[in-house]
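Structure first, then comments.
As the structure is a computational prediction, the values presented were derived from the model and not from experiment.
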Amino acid sequence: MTKLNEIRDNEGAHKKRMRVGRGPGSGKGKTAGRGVKGQSSRSGVAIDGFEGGQMPLYMRMPKRGFNNPFAKKLVEVNLWRIADAIAAGKLDAKKPIDGEALVASGIVRRLRDGVRLLGQGELTTKLDITVYSASASAAKAVEAAGGTLTTTAKVKAPAQAEA
């Protein structure tokens, strides 16, 4: 059994940082491994992506679509995953199931902005599930099994018809 005062890194696990420009004896003195003259030997160089004045490749490629910065990043969970976790004893069907319970059981790695329940798979046990949102088929399956489904998503009210 190792003692606390005997714990150390494996051989070769930690390599010392190369200190450049510290004299000829260091092996990286004077020009510090940058070579002689030219743009890349000087500070403030931005060579990567520069193509000699030609339009760079990343700017020539077409841009497509739209990436919504405000979109919710939801974690999707199918019913069969929850059913498997209950069968394996990772989830307790008698307790309420929410995002924290899904993370604790290992079904979901992290919550992000919430959990979306999808309807693939069979559900035989009565469950009390709280998620951000759920598909119509998932909601139907949970209620068919005698359980309750609560969604925490803010649903927009339908626009009132003006007279």
Side-chain angles (χ1 to χ4, degrees), residues 1-20 33 40 44-51 54-163:
M1 189 164 163
T2 56
K3 297 177 190 145
L4 270 176
N5 64 332
E6 292 174 354
I7 296 173
R8 51 182 38 86
D9 274 339
N10 294 332
E11 195 62 43
H14 187 76
K15 192 169 187 227
K16 286 199 94 162
R17 181 175 68 90
M18 172 63 77
R19 294 183 69 220
V20 295
S40 56
V45 175
I47 279 183
D48 288 341
F50 182 71
E51 298 182 16
Q54 170 179 295
M55 184 62 70
L57 179 67
Y58 69 90
M59 291 175 76
R60 278 178 279 165
M61 292 290 110
K63 310 296 184 273
R64 292 269 188 270
F66 170 71
N67 190 11
N68 185 2
F70 305 108
K72 296 258 185 241
K73 290 175 176 62
L74 299 175
V75 181
E76 295 169 347
V77 176
N78 271 300
L79 290 173
W80 66 265
R81 279 207 183 275
I82 293 174
D84 283 1
I86 291 168
K90 292 179 181 176
L91 263 178
D92 188 5
K94 293 172 185 74
K95 291 182 181 171
I97 296 171
D98 59 356
E100 281 76 32
L102 294 174
V103 171
S105 65
I107 296 174
V108 172
R109 189 178 292 170
R110 65 186 73 82
L111 285 180
R112 295 212 163 99
D113 292 329
V115 177
R116 178 157 171 83
L117 190 65
L118 303 178
Q120 243 179 23
E122 293 291 315
L123 202 61
T124 53
T125 42
K126 181 181 166 184
L127 299 174
D128 178 21
I129 303 178
T130 304
V131 288
Y132 181 82
S133 68
S135 67
S137 59
K140 205 160 94 178
V142 170
E143 272 141 33
T148 56
L149 178 73
T150 313
T151 58
T152 59
K154 293 181 181 85
V155 181
K156 290 181 186 171
Q160 298 279 326
E162 290 184 30

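You'll find the side chain of Asp84 stays beyond 4.5 Å of the side chain of Lys90, heavy atoms only. Within the 4.5 Å cutoff, no side-chain heavy atoms of Gln120 are placed close to those of Ser137. Looking at Val131 and Ile97, their side chains never come closer than 4.5 Å, going by heavy atoms from C-beta outward. By the 4.5 Å heavy-atom criterion applied to side chains, Val75 and Leu111 are not counted as neighbours.
A distance-only check finds a donor-acceptor pair linking the side chain of Arg60 to the backbone of Met55 [under 3.5 Å]. Here the side chain of Asp113 pairs a donor or acceptor atom with the backbone of Lys73 at under 3.5 angstrom.
Atom CD1 of residue Ile82 and atom OG of residue Ser105 lie 8.5 Å apart, to the nearest 0.5 angstrom. We find the CG-CD1 distance between Leu123 and Ile86 to be 6.5 Å, quoted to the nearest 0.5 Å. For the atom pair CG (Asp98) and CD1 (Ile129), the distance works out to 10.5 Å, reported to the nearest 0.5 Å. The CD1 atom of Ile107 sits 8.0 Å away from the CZ atom of Arg81 when rounded to the nearest 0.5 Å. Thr2 contributes atom OG1, which lies 7.5 Å from atom CG of Leu4 (distance to the nearest 0.5 angstrom). Within the model, atoms CG of Asn78 and CG of Leu117 stand 8.0 Å from one another, a figure rounded to the nearest 0.5 Å.
Nearest heavy-atom pair, Thr151 versus Ser133, reported as atom, atom and distance to 0.1 Å: CG2-CA, 3.9 Å. Of all heavy-atom pairs spanning Glu76 and Leu118, the tightest one is CB-CD1, 3.8 Å. The two residues Leu149 and Ala134 come nearest to each other via the heavy atoms CD2-CB, 3.5 Å. Scanning all heavy atoms of the two residues, the minimum distance from Lys72 to Tyr132 falls at CE-OH, 3.4 Å. Of all heavy-atom pairs between Phe70 and Asn68, the closest is N-OD1, 3.0 Å. In terms of heavy-atom proximity, Glu51 sits nearest to Leu57 at OE2-N, 2.9 Å.
Counted within 6.0 Å of CD on Glu122, heavy atoms from surrounding residues, nucleotides or ligands total 12 or fewer; the atom is thus considered open. Asn5 CG: more than 12 foreign heavy atoms inside a 6.0 Å radius. By the 6.0 Å contact criterion, NZ on Lys63 is enclosed, its count of non-hydrogen atoms from other residues, nucleotides or ligands being greater than 12.
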### Task
Carefully, step by step, assess Thr130 and Val115 under the rule side chain to side chain contact (heavy atoms under 4.5 Å, CB included).
CA-CA 9 Å; Thr130 304; Val115 177; over 6 Å; no

